[in-house]
Protein chains: 2
Amino acid sequence: MNLDQTDRSILYLVQKENRTELSTGDIAEQVGVSSSTVSNRLRRLRESGIIVDYKPEIDYEKAGIPHHVLFVCTAPIGDLKRVATDALNTPNVVNVRELLSGTRNLLVEVVGVQTTDVERVAEDLDALGIDIETSEIVREEYSRPLGHFGSQLSGE
Amino acid sequence: MNLDQTDRSILYLVQKENRTELSTGDIAEQVGVSSSTVSNRLRRLRESGIIVDYKPEIDYEKAGIPHHVLFVCTAPIGDLKRVATDALNTPNVVNVRELLSGTRNLLVEVVGVQTTDVERVAEDLDALGIDIETSEIVREEYSRPLGHFGSQLSGE
DNA sequence: GCTGAAAACTTAATAAG
DNA sequence: CTTATTAAGTTTTCAGC
């Protein structure tokens, strides 16, 4: 699917603003098309898989889940896909990333109420044949929209 | 703020399902309260900062942005907060994570249309006093809702 | 492809328990 | 705290361009 500047502007805005507080009318006003067009474009972006979905960002600490750890791991390359899926299905694991690298090729993000939750995940990953190289405490995370999508918007 | 089982179930469902395709009525049905209650709970969860906001997950490759790299970096600990903010404001940077560690304490996620986009970010980070230890190509990323929130839902 | 208008749907505010 | 009702707002559909 080829994106035109209307698609790119819409993508920029839905990344920049909280989606639930940004109506198609609001987007339409800033992009300079009708709200029906925004609705159609957003549907096409979803259907083509460019917008995968909308996820809430959870502040785990405020939610009473104080432990937040990133395991930097090495998994056998041939098994990486399977092992990544298994890791994701381990309780308390919230995110897994595959990296294209011989070692340190899997990042596993874990949250938990108790330190024992995190320790149990470490054991489970070990049982899956995943080597934990290092474990890091996550302090803070920040995201930003990609400016590339918004370059033609007035005022941007 | 203390979460009860209703809050946890709602949190689980909004993580699990695409938020824009899940109305408060749908949630209400599964949790066993009225849609007004779901609406009230969701507002409280947002106001208390537990739900930070709803972000679209973008498939950069499908969007015509083929390069996706994770820089594993070391930044001076005293400056970490400032440096993380500066890194986030660098064009083509979409995500920054601070880790609680002496070295390799900053993960910077970069996307770009050209390899030169990524190279330019590497130079910009260097100019900010950030050491790039390794750079990894991101193949795939998977997320999962935290089961802890959903343990009391029927059928889960 | 786009738009405006109508229909369908969703959320938030209210009143009451 | 909860819920049902209702008003306000939003999204989608559709005929016409």
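Each chain gets a letter, A, B and so on, in the order its sequence line appears, and its residues count up from 1.
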Exercise for review: Mark yes when over 12 heavy atoms from residues, nucleotides or ligands other than B:E140 sit less than 6.0 Å from its CD; otherwise mark no.
Suggested key: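 Yes - once you tally the heavy atoms of other residues, nucleotides and ligands closer than 6.0 Å, there are more than 12.
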
Check your understanding: When you measure from the side chain of B:R19 to the backbone N and O of A:P56, does any donor-acceptor pair fall under 3.5 Å?
Key ->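 No, the answer is negative, given that no donor and acceptor are paired below the 3.5 Å cut-off.
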
Point to revise | Side-chain (A:S9) to main-chain (A:Q5) donor-acceptor, under 3.5 angstrom | key: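 Checked: pair present.
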
Point to revise | B:V33, nearest nucleotide to its side chain (from C:dC2, C:dA12, D:dT3) | key: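 Within the option list, the nearest is D:dT3.
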
Point to revise | B:S39 side chain, from C-beta outward: closest of C:dT3, D:dA4, C:dT11 | key: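 Out of C:dT3, D:dA4, C:dT11, the nucleotide with an atom closest to B:S39's side chain is C:dT11.
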
Check your understanding: Hey, are the side chains of A:V118 and A:F71 touching, using non-hydrogen atoms and a 4.5 Å cut-off?
Key ->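 A side-chain contact exists here, since the closest heavy-atom pair is under 4.5 Å.
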
Exercise for review: Please tell me which of B:T37 and A:N40 maps to the more 5' nucleotide of DNA chain D, matching each residue to the nucleotide holding its nearest heavy atom.
Suggested key: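 Per heavy-atom nearest nucleotide, the more 5' residue is B:T37.
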
Practice item. Sort out for me which residue in B:D117, B:I65, B:V111 forms a side-chain contact (heavy atoms from CB on, under 4.5 Å) with A:H148. Key: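 Looking at B:D117, B:I65, B:V111, the match for A:H148 under the side-chain contact (heavy atoms from CB on, under 4.5 Å) is B:I65.
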
Check your understanding: Quick one: is B:S34 getting a side-chain N or O under 4.0 Å of the D:dT2 phosphate, OP1 or OP2?
Key ->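 Negative; the distance criterion is not met.
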
Check your understanding: Closer than 4.0 Å, any side-chain N/O of B:R41 to the OP1 or OP2 of D:dC1?
Key ->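 Looking at the OP1 and OP2 atoms of D:dC1, neither is under 4.0 Å from any side-chain N or O of B:R41.
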
Check your understanding: Given atom CD1 of A:I10 and atom P of C:dG1, what is their separation to the nearest angstrom?
Key ->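 From A:I10 CD1 to C:dG1 P: 13 Å.
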
Review point. Quick one, which residues of residues 17-24 of chain A touch DNA chain D with a heavy atom under 4.0 Å?
Key: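 Those residues whose heavy atoms fall under 4.0 Å from DNA chain D, taken from residues 17-24 of chain A in numerical order, are A:R19, A:S23, A:T24.
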
Review point. Among residues 42-58 of chain A, which residues get a heavy atom nearer than 4.0 Å to DNA chain C?
Key: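 Of all residues in residues 42-58 of chain A, the ones placing a heavy atom under 4.0 Å from DNA chain C are A:R44.
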
Review point. Quick one: side chain to side chain donor-acceptor pair (under 3.5 Å) pairs with a partner in residues 55-67 of chain A, sequence neighbours left out?
Key: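 Counting only pairs at least two positions apart or across chains, no side chain to side chain donor-acceptor pair (under 3.5 Å) contact touches residues 55-67 of chain A.
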
Check your understanding: Step by step, would you call B:R97 with A:E109 a salt bridge (charged side-chain N to carboxylate O under 4.0 Å, His left out)?
Key -> CA-CA 12 Å; B:R97 284 168 196 228; A:E109 190 177 343; 2.8 Å; yes

Practice item. Please lay out, stage by stage, how B:E21 and A:Y54 fare under the test side chain to side chain donor-acceptor pair (under 3.5 Å). Key: CA-CA 9 Å; B:E21 287 171 12; A:Y54 297 89; over 6 Å; no

